[in-house]
Each structure stands twice: as structure tokens, then as C-alpha cells.
Amino acid sequence: LDPVERVFAVEVARLSRRVIFEADQELYMNMTTGQMVDEDAYHGGHLMMMHTPDVVQRLSGVEIRGFGQHGFLGRYPIHIHMSGDVSGTVISKNVIRHSNQRCINIHDSDNVAHDSFGHCMALEDGAEVGNVFERNLVARTKVHKVEMLVSMHTGGLSTTFENNGTSEVSGPSSFWITNTLNNFTGNVAAGSQVHGFWFDTKQFVRGPSYHVPGNDRVEPETQGLIAFKDNAAHSNGRKGITMYQPGWLPENGAALENVASYKNHHGIFFHRNRNIVVRNSIFADNKVSVRHFVNRYMWNTLEDSIIMAKSNDAKSREGNDVGCFGGGDSSSSSVTGVQFAYNDAPGTQLRLHNVTFGNFDPDSISCPGGVLALSPWETQGQGPVGEPMEIMPTLKDIAFSPPAVDNSFDIPCSILDGDGREDIFLEDVDGGMGPTGNPGFFLQDAPSMKTFVDPSACHDVRREGSCADYCDGVCLRKLFVSAGGGVVDYEMVITNGLASQTFEKGAASKHPDRFDAVLPAGNYRIKFVSTASGEPVHPAVDSVTFGEEPRCSG
């Protein structure tokens, strides 16, 4: 994997230009005390090109210092405002330093932004399309100073600033993407306190752009993508790339290509998304490289990519004895390659195709909280998240370099939290993850999961606190039986002539009238019995369906 590590080379940028725009810091009034304040006012000048449709603008080679007004929308170092079609306009080769509010709104290339508050390179209302963000370097995007925002506005935070859906107070991003019909190529987001790239697409256009004729029919969340390639996100406090609620749902699919996301808390975060492919990418030195949580409708895919628990670059900087990015030596420090919620319905789970997990072996990394290439996830202390999983991610051509069987996959007992769930399993199609090297299934170590499985086929997963077994040569599929009909307090009993197992209604799925069972190939008989007496009962059976077909034979 060493040849890929040249992607971790540092960026070097010149932070000065011969032409300088520098703002005097203005006074502002503390609305609570009525006093004028001049210390750290964060209230500078702003530059706006406004209402100039069909006018080509060019701003190049300028250094802008101390511009922007803290907490005021529309007061940015460079702002193209409500100008319609400005094809040919170029904002390039500029340096923006110590911005008090954002950096550039719309259409920029070869710019450097350092030390700014709020979203930096920003689209605004979600109606901005056809723009090119190319070879921009954004470093040190910061969270707003909330105490200043409160003091500047009577009765708390400015309603125009905080309640318009920008999330800038708590979640600034180096690149704020409110419409994806734009081109993002060769950009770097480094050192943001929160997000690097944020796909924050809404259902409707917002702000003044909504009232432009035709924009009331634009749905940013369903738009495609012109390009997102050769971009890097590193050293960000929370997420290198995030596609967060309400979610990006491209109707015809979209691809993020040649992404490098490293040394973040999360490398990439999928939430309420569909039909998105990430390919030819590398994720490394993140606490969680890929997180996939409550997605909708259609596949998301990671393909032809590398996930590294700890790169040689990180080892050279930190030494071999330092195990976990962002975790220190605390007992909670851990590293996870792909973390997924098992409440995603069939067809919405993550697909991993031709993905290599690098340096997940114990000799390369060790964390007090553990290391796992793939791990199921639930919200800590809150029990199950929504519905339980219907089926796990699908895997094809998964490799480990070096081999890392002990750290490939697990079902930690801690996530079950005594909730009665007995339905977690993961297929290992080619045997590259299991302890025996043979195709099979990881499955939860629970009676209802193993009753019909040959005990000699199963092996303990050798991890402390594990609730998983690995079973060779079995082929499992999930069964859903929905029944009601007014009969109360009854159970489902499945038999195959050699063994039988009782299933409680709603125990696995939390659906009050549904039974879930994970079964190997075979012939079975189902009956229902009273919980109290064990006598047969006859509820109305609404449906009998199967989960997604496994790739194993049988």
C-alpha cells in the first residue's frame, strides 16, 4: 500500500499577494449592556457583486484580510449575490485570511482561504448551478463565537442567521454544497473544526432565490452531480465528507471519484442518501473511515478503494506505539473501517466492491477500545436505532493487507444491551474475513440463530467481549412472518424434524405483529402456540416473505 501514501503529502501555499484589501475592525454595540465594543469585534468590510446578470466579473491575485462580519448573512469577503447567469466570471488566485464570516460565495478556483469563521467556500440558497470550484485550498474553518452572536442580537441569536437552515453556529464546513449540479475538482479541506465537505441539500430552494421564477420547482436534494473528483479532506474535527439530513437523493445516481479523506474523526458519513458511488478513493487514519446510517431507497456503494486503519505516514509521525487517531490512550479509543447501522432495509444497505483494508492487523495498530474493519453500530445508551437490520452490507472482492482475521468483523456484546435482539449476521462470500479461510457467515451467538446450524461448522470469534461465531459452509437467509388476527400472547415455533426453536413476536424487529428468523437452507414447519399454555392458536397470517437472497448456494 505504500505507493498510495503520496496522497498524504502536505499542502504548501503562499499567504500573501501584492494587492491587499485590509479591513479596519469596526465597533459594534453589545445589545445587553448598550456599550460599544472594539476588542475582538470580528466585524470587518465586505465585497459584494450584486444583481449583475450577464456581466462577466473577474477578481484575481488579491489578498483579503479581516473581511466579513461575524454572524451577519450576506457580509462576506467575496459575495456574488442574486446575479443570475454570470458565465465566464472567475474568482481565482486570491488569498483570504482571518475572515470573520465565510470566504467566497460561488464560483472560484486556485484560491487559498485560511482561518475563517463559518462556511467558507459556499453555495447559498440551493439554486446555484453550473459553477466550478477548482484547486481551492481551505484551512482552519472555525465555529462561530456564540457569546458574540448573543451579545450582538437582542433576545439571543440572530433569527436571520441561525434559523435559516445554514447550521453555521454549530456545524461550519470548508465547502458548503447546497446544490450538487456543480463541479468540484482538486480541492482541499483541511483542519476544519467540524466538516470538510458538506452536501447539505434540501428539498426546496431557500432564501431569496426561492422567489426567482422557476426556482420553486427546483429540488436540490434530487439533483445529479457534474463532478466531484480529486478532492481531499484531512485533519477535520468531525467529518471529512458528510451527506447529512435531510439527505442527498440523486435520482439518476452520482459518483464521487478519487477522494482522499484522512486523519478526520469520520472519513465520510452517509445519512439518508441513495444511489451514490464512491470509487477509486482512499480513507486512512480516521477514527471511523466510513459510516453508513439510516439510508433510503437505493444502493450506496464504495468500490475500487482502500481503507487504512493506520498509514505508514501516521506511523512515521506518531511512532508505532501510538495506536488510535483521535482516541489517545483512553479506554474508548478505537478505530473502525466501515461502521453501519443494522436498521437499513433491504436494498438500502452499503455495498463494498473491491475494497482493500490495510493495516488492520494487530501488529500494525492496537487500540484500547478495539480495531475492526467492519462493525455494526447503535447509538450509545439509547438502545436500538429505529428498526433493526434486515440484512448486512453486501461484500464482493474484499481483501486485507496484511491479513487481519481477528479484526475483520465482530458483533460486540456491548451493542446488544440486553434488548432481546437475535438476528445479526454477515455473509463472507470468499472466506477472506473468517477465521478458517472458508466461505460462510458471521452470526450472533444466540440460540435462535444456531438451533438449525451444524455445531461442528461454527467457530468462536477470538475477541474479548464478542457475541459472534463464524460458521463454515452454511447459507443463511432471513424470514419474516407477519401475523395478527386478534390472537394475543402467542409465539411462533419452527421445526425441521430434528430440532425446534421458539420465536417471540416483535422480539427482533420491534414490529408488534412480526416474527423474524434467520435460517439455513432446509425444510421447515411453522406453528403458533399460546405463550401461557403452549396450546396451538391460529392467528391470521398476513404475509410470509424473505430477506435479500444470499450469494451462497443452497
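What you see is a predicted model, and the numbers here were worked out from it, not measured in a lab.
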Those residues that, when tested against Tyr244, pass ring pair (Phe, Tyr, Trp, His ring centres under 6.0 Å) (two or more places apart): Phe269, His271

Considering all heavy atoms, the nearest Ile494-Leu479 contact: CD1-CD2, 4.3 Å

Salt-bridge contact Arg551-Asp430 (side-chain N to carboxylate O under 4.0 Å): no

Ionic contact status for Lys202 with Asp200, cut-off 4.0 Å: yes

Determine all donor-acceptor pairs shorter than 3.5 Å in which one atom belongs to a side chain in residues 495-503; sequence neighbours excluded.
residue, atom, partner, partner atom, Å
Asn496, OD1, Leu498, N, 2.9
Asn496, OD1, Ala499, N, 2.8
Gln501, OE1, Thr451, OG1, 2.7

Residue pairs, two or more places apart or on separate chains, that pass salt bridge (charged side-chain N to carboxylate O under 4.0 Å, His left out) and touch residues 433-456: Asp445-Lys450, Lys450-Asp469

Between NE2 on residue His195 and CD1 on residue Ile241, distance to nearest 0.5 Å: 12.5 Å

Point-to-point distance, once rounded to the nearest 0.5 Å, from CG of Asn252 to CG of Leu225: 12.5 Å

Interatomic spacing from CD1 in Ile177 to CD in Gln223 - rounded to 0.5 Å: 14.0 Å

Cationic tip of Lys505 above Phe528 ring, under 6.0 Å, 45° of axis: no

Geometric class of the Tyr524/Phe452 ring pair [parallel <30°, tilted 30-60°, perpendicular >60°]: perpendicular

Charged N-O contact under 4.0 Å between Asp304 and Arg279: no

His119 and its side-chain hydrogen bond (donor to acceptor under 3.5 Å, both in side chains) partner, picked from Ser173, Ser192, Ser174: Ser173

Ring center gap for Tyr262 and His234 short of 6.0 angstrom: yes

Distance, nearest 0.5 Å, that separates CZ of Phe442 from CD of Gln444: 14.0 Å

CG on Asn273 to CG on Asn300, rounded to 0.5 Å: 5.5 Å

Gap separating the SG atom of Cys467 from the CG atom of Leu443, nearest 0.5 angstrom: 11.5 Å

Test ring pair (Phe, Tyr, Trp, His ring centres under 6.0 Å) applied to Phe197 - qualifying residues, sequence neighbours left out: Phe175, Phe228

With sequence neighbours excluded, residues passing side chain to side chain contact (heavy atoms under 4.5 Å, CB included) with Val453: Cys458, Cys471, Val474, Leu476, Pro520

Contacts of type side chain to side chain contact (heavy atoms under 4.5 Å, CB included), residue Asn258, not counting sequence neighbours: Asp230

